[in-house]
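Here is how names work: the chains are called A, B, and so on, in the same order as the sequence lines, proteins then strands, and each is numbered from 1.
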Number of protein chains: 2
Amino acid sequence: MAKEKSETLPVRISRVLAERIISGQIEPGARLRQDHVAVEFGASHVPVREAFQRLEAQGLAVSEPRRGVRVAAFDLREVREVAEMRAALEVLALRHAGPHLTRAMLDEAEEATRAGDNSPDVRAWEEANRRFHRLIVTPCAMPRLLAAIDDLHAASARFLFSAWRSDWEARTDHDHRAILAALRAGQVDEAAIILARHVQWIGSKPVRTAAGGTRDVFAIQG
Amino acid sequence: MAKEKSETLPVRISRVLAERIISGQIEPGARLRQDHVAVEFGASHVPVREAFQRLEAQGLAVSEPRRGVRVAAFDLREVREVAEMRAALEVLALRHAGPHLTRAMLDEAEEATRAGDNSPDVRAWEEANRRFHRLIVTPCAMPRLLAAIDDLHAASARFLFSAWRSDWEARTDHDHRAILAALRAGQVDEAAIILARHVQWIGSKPVRTAAGGTRDVFAIQG
DNA sequence: GATTCCAAAATTATAGATAATTTTGCGAGT
DNA sequence: ACTCGCAAAATTATCTATAATTTTGGAATC
């Protein structure tokens with residue numbers, strides 16, 4: 001019906017649904033009903049089903065035969081799992097990217113770090129943070145590895161948004177600057193070590209809720 | 001029509017096609033035509049399209065919008081990429097699995113190693129090899145990580161089969177035994193180091209072709 | 001002889017329709 | 001009041017049909 005710009009329908013649907021799942025707009029465990037999604041996008045359920053397959057492959061949805069597909073649930077265990085996988089894969093990517101990093105790329109990464117420090121909300125911070133991480137690993141030129149890292153970032157972002165639902169305070173990201181400093185000095189190994197620790201850093205932090213009390217949430221950085 | 005045993009149709013189709021792609025039965029770059037696949041499985045193209053989405057997510061097929069899907073091509077660069085990803089992720093998995101490995105599991109892994117050494121063909125060797133690798137990492141209990149490793153193993157197997165198409169000679173796998181020895185001694189770090197080197201070991205080896213000449217192929221071990 | 005163009009055939013992508021299964025709501029029985 | 005079971009509604013999964021796009025083959029042209 002509407003004129004698309006060469007982006008295939010299942011891709012578009014899965015991308016929009018992925019954004020909603022990541023941002024927490026759709027709750028974990030919520031059912032994704034193909035007909036409802038179809039009418040919303042003015043499509044039929046065939047492309048919707050294909051979109052569901054994509055979401056499942058990304059780990060954002062789970063499908064039970066004959067019983068439909070639900071938004072994937074997640075717990076602290078999986079948060080840790082994703083963090084460790086990110087650490088392993090991003091370090092690998094950085095080691096290969098290191099030799100090909102130009103001064104211009106590092107400047108761009110520093111700009112992303114600044115943007116993160118000045119973010120007004122989690123959403124903006126997450127976007128800047130992801131830009132930083134992607135910039136320093138992209139030159140590895142390993143498409144499969146980069147795609148895997150992207151999927152893990154999506155999962156990370158999901159956890160992040162679920163933790164800091166409402167309150168947010170910006171803070172300067174010392175790890176990012178330390179990584180950049182090491183890379184500028186040509187010390188890729190040193191940068192990789194900091195990156196691994198940075199990504200895996202998962203702690204616990206009391207957060208003021210809207211009601212005025214405090215609750216303990218896990219904190220994700222990087 | 002036919003009675004299904006609770007395995008969903010797209011899953012079944014994608015699994016069969018994946019086997020063919022991995023074994024080299026379908027050549028890289030070959031077109032996968034939905035109607036042809038559909039009639040072969042006695043189905044329509046709707047479940048076939050969903051199967052194609054799965055294959056694409058696994059990295060076994062690539063889809064160009066409006067132009068159909070083809071079996072993914074691969075080159076030496078990607079072989080190396082997959083090997084390095086495997087090394088990074090399997091080491092991570094082994095580190096977590098280490099403390100939970102029981103004597104019985106290690107015995108089973110040793111049995112898999114023996115089976116590999118006595119394999120009559122590549123196919124059998126690959127199956128035993130995969131069993132070994134899966135056995136020693138499974139106790140990490142990280143489902144997402146294990147799924148990622150499985151996909152990488154599928155890619156590895158593909159490369160393996162394309163290299164050793166016809167000739168094959170069994171040989172004893174010293175690395176597997178060294179890994180087991182280290183694990184039995186409780187030296188998980190040592191085992192992880194050997195595993196990383198083992199998986200990444202990619203060399204070059206002259207292979208006799210059916211025509212009688214020799215050509216240079218890459219060799220994969222692990 | 002090679003190239004370009006056009007029409008026919010094949011193929012992809014989506015829509016609409018149908019069968020089968022699961023969920024839901026309500027009433028009967030305890 | 002609670003549970004069990006059955007019937008109605010909703011939903012999934014698949015098939016058939018249709019529109020749109022790409023590929024293919026051949027004839028006309030340079």
Side-chain angles (χ1 to χ4, degrees), chain A residues 1-21 25-73, chain B residues 1-21 25-73:
Chain A
M1 8 197 57
K3 284 275 101 290
E4 314 299 328
K5 28 179 190 278
S6 84
E7 192 189 35
T8 207
L9 199 42
V11 172
R12 199 169 74 86
I13 295 174
S14 76
R15 188 171 44 73
V16 172
L17 290 179
E19 282 167 15
R20 288 187 198 162
I21 294 172
Q25 200 173 331
I26 318 181
E27 301 251 318
R31 294 186 62 175
L32 295 174
R33 276 162 297 201
Q34 55 184 216
D35 281 4
H36 295 205
V37 176
V39 299
E40 179 190 341
F41 285 87
S44 101
H45 36 245
V46 179
V48 173
R49 296 191 117 258
E50 292 175 40
F52 285 175
Q53 289 281 356
R54 299 191 131 249
L55 292 174
E56 203 181 351
Q58 279 187 293
L60 294 176
V62 289
S63 140
E64 292 177 277
R66 286 269 166 209
R67 302 183 66 176
V69 18
R70 302 176 165 279
V71 175
Chain B
M1 15 201 68
K3 55 239 86 251
E4 50 269 47
K5 45 230 150 219
S6 82
E7 193 188 37
T8 212
L9 198 41
V11 172
R12 198 169 74 88
I13 295 174
S14 77
R15 189 172 44 72
V16 173
L17 290 180
E19 281 168 15
R20 289 187 197 161
I21 294 172
Q25 200 172 330
I26 318 180
E27 301 252 317
R31 294 186 60 175
L32 294 174
R33 276 162 298 202
Q34 56 184 214
D35 281 4
H36 295 204
V37 176
V39 298
E40 180 192 338
F41 284 87
S44 97
H45 36 243
V46 180
V48 173
R49 297 193 116 256
E50 292 175 40
F52 285 175
Q53 289 280 355
R54 297 191 135 248
L55 293 174
E56 204 182 349
Q58 278 188 294
L60 294 177
V62 289
S63 143
E64 293 177 275
R66 286 266 165 211
R67 302 183 66 176
V69 22
R70 304 175 163 279
V71 176

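Within the 4.5 Å cutoff, the side chain of A:V62 has no heavy atoms near those of the A:E56 side chain.
Residue B:R67 places at least one side-chain N or O closer than 4.0 Å to OP1 or OP2 of D:dT23.
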Test B:R15 against B:E19 for side-chain contact (heavy atoms from CB on, under 4.5 Å), laying out the working first. CA-CA 6 Å; B:R15 189 172 44 72; B:E19 281 168 15; 3.6 Å; yes
What do the steps show when you test A:L9 against A:F41 for side-chain contact (heavy atoms from CB on, under 4.5 Å), and what is the final call? CA-CA 9 Å; A:L9 199 42; A:F41 285 87; 5.7 Å; no
Derivation of the side-chain contact (heavy atoms from CB on, under 4.5 Å) call for B:I13 and B:V48: CA-CA 7 Å; B:I13 295 174; B:V48 173; 4.1 Å; yes
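How far CG of A:L55 is from CD of A:E50: 12.5 Å, rounded to the nearest 0.5 Å. Distance CD/A:Q53 to CZ/B:R54: 5.0 Å, rounded to 0.5 Å.
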I'd like a list of close polar pairs between nucleotides 16-21 of chain C and the protein, N/O only, cut-off under 3.5 Å.
from	atom 1	to	atom 2	distance (Å)
C:dA17	N6	A:H45	NE2	2.9

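No donor-acceptor distance shorter than 3.5 angstrom exists from the side chain of A:T8 to the backbone of A:P10, with no hydrogens or angles considered.
Partners of A:V71 by side-chain contact (heavy atoms from CB on, under 4.5 Å), not counting sequence neighbours, listed by chain and number: A:I21, A:I26, A:A30, A:L32, A:R158. When the side chain to side chain donor-acceptor pair (under 3.5 Å) test is applied to A:R31, no partner is found at least two apart in sequence or on another chain.
Applying the side-chain hydrogen bond (donor to acceptor under 3.5 Å, both in side chains) test to residues at least two apart or on different chains, none of the pairs has a partner in residues 61-73 of chain B.
A straight line from CD of A:E50 to C1' of D:dT12 spans 16 Å, rounded to a whole angstrom. For the pair A:L9 CG and C:dT12 P, the interatomic distance rounds to 17 Å; values are reported in whole Å.
Across residues 53-61 of chain A, not one residue has a non-hydrogen atom less than 4.0 Å from an atom of DNA chain D.
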Contact state string [nucleotides 6-11 of chain C, B base, S sugar-phosphate only, - no protein heavy atom under 4.0 Å]: -----S
